[in-house]
Amino acid sequence: MSSTVSSTMSAALADDRMAQATQLQLTWWRFCRHKLALVSLGVVALFYLIAIFADFLAIADPHATDARRSYVPPQGIHLFDDGAFSPHVSGLKGMRDMKTFKLSYVPDPSRKLPITFFAHGYSYDLFGLIPTDRHILGIAGGQPVDGIFLLGTDQLGRDLFSRLMVATRISLVIGLAGVSLSLLLGVMLGGISGLYGGIVDTLIQRVIEVVRSIPTIPLWMGLAAALPNTWSVTQVYFAITIIISLVGWTELARVVRGRFLALREEDFVIAAELAGASQLRIILRHMLPSFASHVIAATSLALPAMIVSETSLSFLGLGLRPPAISWGILLQDAQNVQVLAGAPWLLCAAIPVILVILAFNFLGDGLRDAADPYG
Amino acid sequence: MVEQVMTNPGAIESGGHMLSVRDLAVEFGQDRGSVRALDGISLDLRAGRVLGVVGESGCGKSVTARAILGILDRPGRLVGGRVLLDPGTSAEQNLAALDPNGAALRAVRGGRIGLIFQEPMTALSVHYTVGNQIIEAIRAHKTLSKAAARAATVELLREVGIPRPELRIDAYPFQLSGGLRQRVGIAMALACAPDILIADEPTTALDVTTQAQILALLRRLQRDKGIALMLITHDMGVIAQMADDVAVMYLGRIVEFAPVRRLFAAPRHPYTRALLRSVPDIRAVPRARLATIGGTVPHPGARPTGCAFHPRCQEMIAGRCETTAPSPVPAGLEGASCFHAESVVQEAVV
Amino acid sequence: MLNYLARRLVLALITCAAISVLTFVIIRLPPGDFVDAYIANLASNGSMVSAEQAVAMRHEYGLDRPVVVQYALWMGRVVRGDFGVSMMWRRPVTEVIGDRLWLTMAISVSALFLTWTIALPIGIYSAVRQYSIGDYIATLLGFMGLAIPNFLLALILMYAGFRYLGLSVGGLFSSDYAQEAWSLAKFWDLMKHIPLPACVLALAGTAQLIRIMRANLLDELRKPYVVSARAKGLSELHVVLKYPVRAALNPFASSIAYLFPYLVSGSIIVSLVLGLPTVGPLLLQALVAQDMFLAGTIVLLLGIMTVIGTLISDLLLMWIEPRIRLRGRA
């Protein structure tokens, strides 16, 4: 009986809390009910942390090549040595294949290289500001060929783990930049379309239809191939961002327009109009808060598409160009089945791609449900 | 069994029991435990009589109708009680025990029991003509040729007062007015000449004049065909005009049952009295405030202890109503589930 | 209905025109032209091309005329079915493309049908049996389709096939038939090879459509007309298929219109991974070599084929979806 009373009480308290909450708080509470979306938020946050601390997490210089350690398989870290805690990795030794007479470097368990934390390595600027050479892991001593190869090395002997860390930064940032541009275009055109209606709306809607009925990959390929070879990595970077956002804005524009059209008919907007509020005030004060969450959700759903676009283009060799490192560029090395059969660890760049796409999709779904529980 | 007093002078002789609902219980499974939407509902539908079921929104009126037909929406589910069709006869069936998707219950739906909906626009699919949807209802139960079913549909439409039915049969629902759509809804419910009709707020979505016409139509059809009608409404005016007997529902329970005259003349339950007070009266003192029932209907998941109505009751007995629930209205008997009314119940039984 | 048809046709024509302009602009975007690329290519092999020779080549290909004139000349010839000569292969573009365009379309159309036939029943099942094991499996598959870009899926499948089954998964023909002329046997060989790339291509679209169908149908299943259909005593299957599925098809249908361009797009990159003899690998080569006529023709033809495919699926929809017909009538 008392439990019923307390549940009545808590329901009443919840009602009070609900009544006083802002739109944003309500959305957040509804969002928190989606466990999967919450986990995804954590995954996304983790990935962006990696992006921020990419250089710190990288163990070796991602550009440093050493032909001797070509295609070294992933190495485990041994935590104990003779029962005592002493994390170490094995050194590499040259072995000649008796059939092909090819010299290759393989782990040599007899040489133990102790791991040090916050080790000195290549120099970089933390947050682009603080010059440092500290890295999360390093080894003490050893020969130049040695290193910690958590995910193995590529053909040129570059450490894949370090490259993956740096690639994460570039791929995530390019997705974010692309989606920002798309958002700008989408919100502007969608807003104009929904706000003014009539001929402007029709025109923008037709443009969207035309853009959506063009197969995008040949289009991107064409645009990306048109970038001059002489452009610097940064120039290509920006150009690719613009290219992938050129196609991505249509969905955002559609969402914004739809919300605008729906909200224009809402009683509270009409009431504000009748009360003599200016159009700008109505948009900023009344309409924006009620569709901001929709736009955030749509953005979160558009982000993975951007990341896949960049990855696809770079994979084809038409996107970012080496020495830039992105997931697509890492996967480019995995294009050949023969190579892949010998060094399957080259496929590891696929894992963050899949994880990030999934996380953003779950996040977007959760946000969308939270933003619009009835829609 | 207590002999019911004939209260509605216009009513034709009342026949036997067509449908007896006993202790019907429905739960809606939700995230945190389940919520009991219906808690021991007992009702009797009798040939040629109109049972009015009245209560505020959310009290379980529509759930009762759906539970009887076995068409509860998920996550709702029947957790107890019996729904007896033709009780006491050799053909008695307990609908609650039948497979909701089985042929036996489907033969009852539409065949024996027709259902009329509140919103004829949403209750009809916009994708098919009204003729298509009625013909389908006929052919679900009778083996008739398409042409014969179509002819029968035209007749049905004519019977419910749709002008030029041979043309309207090919109209889509959105091409008809609200009143005509509800007539189509009634025709659809009558398609297989059921002897029991459940009308779930049939006039709520209509304007006042149309409302009167639809009620008159329902009344005429019910009398002509001797149908047992269960009329669900929140409108005491509709109850006064249509019902022979009235069941008042509150939070998934029947709190009072009485013939309509007695209910209006001497309501036993404070909730019934409050409902009656909140009906606008043309003879009321000008500019007098219309009485309302204080508070709101609690969420079924936060059901108050004791008598569920006690937080809103003006006649609450402190120390008793909030701890102990009054005994329910006995099935088929006149009375109220209230400590104030228990003595009255005894009188009625004696 | 005629109104709708006319609108669709006009839109298709505008889209084609837009594609042709875009294609031409893309090809003209890079500084330098084919001759520059050609000279650079020769130079890397040790041969030199004199300035006069370069001018002559530019004149031969019309590269010295204003851009607008070049576009007009190109379009004039395209309309007559003359797509020019591939500068890289020194053969007519149509000859270089050959069967590749049709193979591209064959794969995309197979993927389209696969998507429809898989997504519709699974979407219906998932909604009707919400939260059942089948629904969870479908949802999981859906998320996989959503999360794995098709070129990655192709890559993983190819690796798995090579590593664990010892087969090479790529290609559209067995080696016996690759160079053969078309015959019934070769066609049958193609039919045996098409399912894998079609499945790879269809996965993402199927996942998307299942989600759309499931969400729409769940909305529709809650509506009163479903209850009223049940109250008539119809069987559950009849109720679901006749009423809510019909209603849920409408938004499902409009998303199909955008599926075909997406599939054609995907086929390009999947072809590159799986080594399919479609226009994909050819387009990449042509773009890298800045072979203007070849790349332009491929992008243009792909675009136009896509528009036609979308138009056909639109017309099909109009035929099955009465609301569009009615809208025209009202």
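Values below: every heavy atom of this structure, side chains too, minus hydrogens, waters and symmetry copies. Letters A, B, ... are given to chains in the order of the sequence lines, protein chains preceding strands, and every chain is numbered from 1. In this text, all values refer to a predicted model and were calculated from it rather than measured experimentally.
For chain C, the nearby parts of A:I354 are the backbone and the side chain; heavy atoms of each come within less than 4.5 Å. Of the two parts of A:F360, neither the backbone nor the side chain holds a non-hydrogen atom closer than 4.5 Å to a non-hydrogen atom of chain C. There is no contact between A:L355 and chain C, counting heavy-atom distances below 4.5 Å. Of the atoms belonging to C:R211, it is side-chain heavy atoms, and not backbone ones, that fall under 4.5 Å from chain A. With a 4.5 Å cut-off on non-hydrogen atoms, C:Y262 does not touch chain A at all.
Atom CD1 of C:I268 sits about 12.5 Å away from atom OG of A:S312, to the nearest 0.5 Å. Between the CD1 atom of C:I269 and the CG atom of A:L313 there is a distance of 7.5 Å, given to the nearest 0.5 Å.
For the pair A:P218 and C:L302, the tightest heavy-atom approach, listed with the atom from each and the gap, is CG-CD1, 3.7 Å. Contact detail for C:A147 and A:I357: the closest heavy-atom pair is O-CD1, 3.1 Å. A:Q335 and C:M158 make their closest contact through O-CE, 4.3 Å (heavy atoms, listed as atom of the first residue, atom of the second, distance).
The side-chain heavy atoms of A:F315 and C:L155, taken from C-beta on, include a pair separated by under 4.5 Å.
Ranked by heavy-atom pairs shorter than 4.5 Å toward chain A, the options C:V279, C:I14, C:L272, C:L11 are led by C:L11. Chain A forms more heavy-atom pairs under 4.5 Å with one residue of C:L284, C:I19, C:V307 than with any other, namely C:L284.
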